[in-house]
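The structure under discussion appears below in the form of structure tokens.
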Amino acid sequence: MSLTRREFVGTSLTSAAAFAAFPSMSFAATADEAIAAYTGGAATSDAGITLIAPEIAENGNTVQIEVSAPGAEEIIMFAAGNPNPNVATFKFGPMSGSQAATTRIRLAGEQDVIAIAKMPDGSFLKAVSNVKVTIGGCGG
Amino acid sequence: MTRQVILATLLGVSASVAHAEVVSPAAVVANEYGEISTSLTGVAGNPVRGAEVMTSRSLGNCIACHQVTALEEFPFHGEVGPSLDGAGARWDEAAMRGIVVNAKAIFPDSVMPSFYKVDGFTRPGDAFTGKAAPDALDPLLTAQDIEDVVAYLLTLTD
Amino acid sequence: MTGQTKRAVAAMALLAFSASSLALWADEDADLVVNGEIEMIVRTEAPAHLDGALRTIYSGWVFRQDDTQAMQMDDFDNPGMLFAEQGQELFNTAMGANGESCASCHANAEDLTRVRATYPKWDEAHGAVQTVEMQVQECQTESMGMAEAWGQNSQEMLNMTAYIASIGRGQVIDVAIDGPAQATWEAGKEIYYTRYGQLELSCANCHEQNYGNYIRADHLSQGQINGFPTYRLKNARLNGTHNRFRGCIRDTRGETFAIGSDEFIALELYVASRGNGLTVEGPSVRN
Amino acid sequence: MAENVTPRVRAPREASVGEVVSVRTLISHPMESGMRRDGDGNVIPRSIINRFVCTFNGEVVVDVTMEPSIATNPYFQFEAKVMESGTFNFTWYDDDGSVYEDSSDITVS
């Protein structure tokens, strides 16, 4: 998909308007529901996608996550145990050098981090990584 | 033991603890080794509840410092204190109660907090607020919490 | 399955859950070089004044997991540097009635390279030990004509002290504890070993007796302050030394001292001196 | 409104034709999730950067939709393939309507 700048602005306005009208729509009830909404319930393969997350995060407020799915149009990331499981969607444009990204996310306790890649042929890839979040020794 | 306590014990109603004669922190009697032979409540400790006190951050949080294999379903056990595996075989009930109430009476330099003590602190605070403590401090655990923890620890025999 | 095998399996299962297994994710032997050029001393012989209480002193960086360690190895990955850069802007911004910036007097910021490594420091004119924050405040009210100096724990002050620390990174800490500073140092030492709060915990209980051990999933460091102000993953912002002290005393279920209090100035001098021989790392990254 | 929002970007200044280069961005922003409460128990309103876009010579490298689970001071690392000299443009969109921009030039030979 090749987006021109103008189409881009249009897309952005549309989505902004949708969020304003239906603010609750940004809150999927569960990660499973959010994934189903994204994939349309299609089956996912676990080959061709890599999710790198720490086995144990030293602090859940800042956890570095790396995801890669060569050839993907988009990669969407979920944190299954967060109040709102949606984390981010990466759309790779024509100038991207790889379909990979690293970011830092928040995790409310031990949970699965899930990445789904949308491929140009309409198929989906899925990777899951369980991350334990440390529990501090001090304080109430 | 009062009649009410016997009744409560017979009925197995732990909620009746309030009726029991609870030994206040000031009234706790320890022997010269720091051991406390008399129950603080007269109500038998509940080891299941004791495990909850051991693992809850807002209660005893014992696993913050002690490793306990039997509690491995709760992640991240600390290593500041000794492992409690087999503690029930090493200490009898009086010694165990003495350690939980005031470990420093038995191990003078211990880092372990005294869980049933209300005075003699330097700059005591109001829980975790950083503000000055109120005039009357509650002990870190209630008398029954301590009996429950002791009951749990005595189950750790290997 | 024999009893022995069972026990071995149980021990392995335990390893997966106990805090000490976290050590697998921390590299205590790693060396810290920032941006491939600033070589830090993260472990060295303890200063003589510790009198054997510690044999080796370690930067808190050593105790962090490798992901956290990596964030400090490159300025771009270190979010604390965002705020050091904001501090640099403030350094060059005129403030106060005289229209002066920090740079008006300190045209060459390099002149301040040794500041972080030598503070807190005795100030002859004021007859007291001063922290870096107090020195900034003194400049603001006594030289720059500001009616009110920045608060010790304000964002501006954290940004400025992060900047001042950043230009001194790699400098060996060497705070003076003798002469007129000695009484303050002694007072700080007294505080360090006092067991505060309802939990009756001193700084030493955790950071001298138990460094390297886990308390729940916290890997206890030696509580060195050579990395302050520090960017904590926990609150995702810069944290000053006194604020950290306050957090620790609060966690003893104690009544804290105030940020900027004489007690915390004394404690800062004492704790800083325990790190004599380590290098300035601020703004560091910690959990 | 978020204060003192400072973007930082790091991309190479030079590359060869067709090279895949690594790009990193970091921006200071509290990313208030809308889930936290203040000292009085009131919900602190959500205030996040909800979108980040990197383009090269006007064409998209990556376009990221962000939710409150992105950590404070958002960080991204990704790769771009450069065929010619030009400019990376970076744009962050805040819930409050603010737009933060930065750019970085690269000479490709």
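A note on names: the letters A, B, ... follow the listed sequences, proteins ahead of strands, and every chain is numbered from 1.
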Is it the side chain or the backbone of Lys104(B) that comes within 4.5 Å of chain C heavy atoms, both, or neither?
side chain
Interface residues of residues 42-59 of chain C facing chain B - heavy atom cut-off under 4.5 Å:
none
Arg216(C) (side chain) donor-acceptor with Ile63(B) (main chain) under 3.5 angstrom:
no
Given a strict heavy-atom distance threshold of 4.5 Å, which part of Ala133(B) is in contact with chain C: side chain, backbone, both, or neither?
neither
Given heavy-atom pairs under 4.5 angstrom as the criterion, report whether the side chain, backbone, both or neither of Leu201(C) touches chain B.
side chain
Is it the backbone or the side chain of Ser83(B) that comes under 4.5 Å from a heavy atom of chain C, or both, or neither?
neither
Atom of Phe128(B), atom of Asp251(C) and distance for their closest heavy-atom approach
CE2-O, 3.4 Å
Asp158(B), part contacting chain C, at a heavy-atom distance under 4.5 Å:
neither
Is Arg253(C) close to Leu140(B) at the side-chain level, that is, under 4.5 Å between some pair of heavy atoms?
yes
Chain C heavy atoms under 4.5 Å from Asp109(B): which part of the residue, side chain, backbone, both or neither?
backbone
Minimum heavy-atom distance between Ala217(C) and Phe76(B), given as atom pair plus value
CB-CG, 3.6 Å
Where Ser114(B) and Glu200(C) come nearest, the two heavy atoms and their spacing
OG-OE1, 3.7 Å
Closest approach of Arg123(B) to Tyr196(C) (non-hydrogen atoms, all atoms of both residues)
CD-CE2, 3.7 Å
